[in-house]
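Any value given below was found using the heavy atoms of this structure, including those in side chains, with hydrogens, waters and symmetry copies removed.
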Amino acid sequence: ADGLKTGMLSKMPGAALGDVKIDKWKGNYTYSVDGENAEKKLKLYAYMVIIGNKMYGLVVLVPNGKSSKGKDDFFNSLAYN
């Protein structure tokens, strides 16, 4: 999880991320993390799942002061057969 966070931060200058939460979805490991970019006035939410040897990620960026309602619906829309 720490390596994942470090890798994300290297691609997202100015971002600060919280703790990575590890869980499982349909038997696959998932990682979720919330953060922000104060300079760009954005909140960010990331949800990643590892299926086989590939990682898939969904990210929501929300301007400060705007609602993040719907982000969980977006993350829950992930489908896998």
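A pairwise comparison of heavy atoms in Trp25 and Leu78 identifies CZ2-O, 3.6 Å as the closest pair. The two residues Ile22 and Ala1 make their nearest non-hydrogen contact at CD1-CB, 3.9 Å. When all heavy atoms of Gly18 and Val33 are compared, the pair lying nearest together is O-CG2, 3.3 Å. Closest non-hydrogen pair, Tyr45 versus Phe75, comes out as O-CZ, 3.6 Å. Nearest heavy atom pair, residue Ala46 against residue Met8, reads CB-CE, 3.9 Å. In this structure, Phe74 and Val59 approach most closely via the heavy-atom pair CE2-O, 4.1 Å.
For the pair Leu44 and Glu36, the minimum side-chain heavy-atom distance is 4.5 Å or more. You'll find the side chain of Val49 stays beyond 4.5 Å of the side chain of Tyr29, heavy atoms only. Residues Asn64 and Lys43 form a side-chain contact, since some pair of their non-hydrogen atoms from C-beta on lies under 4.5 Å apart.
Note that OG1 of Thr30 and CE of Met55 are 10.0 Å apart. Values are rounded to the nearest 0.5 Å. Separation of atoms CG (Leu58) and OG (Ser32) is listed at 11.5 Å; rounding is to 0.5 Å.
Residues Leu9 and Tyr31 fall within the same hydrophobic cluster, defined by Ile, Leu, Val, Met, Phe, Trp and Tyr side chains chained together at heavy-atom separations under 4.5 Å.
At distances below 3.5 Å, at least one donor-acceptor pair connects side-chain atoms of Asn37 with backbone N or O atoms of Pro13. Under the 3.5 Å distance criterion, the side-chain polar atoms of Lys5 are matched with a main-chain donor or acceptor of Leu17.
Listed by first and then second residue, the salt bridge (charged side-chain N to carboxylate O under 4.0 Å, His left out) pairs involving residues 14-30 amount to none (not counting sequence neighbours).
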Requested in this report: Go through the steps for Ile50 and Asn28 under the test side chain to side chain contact (heavy atoms under 4.5 Å, CB included), then give the verdict.
Outcome: CA-CA 6 Å; Ile50 296 177; Asn28 301 290; 5.8 Å; no
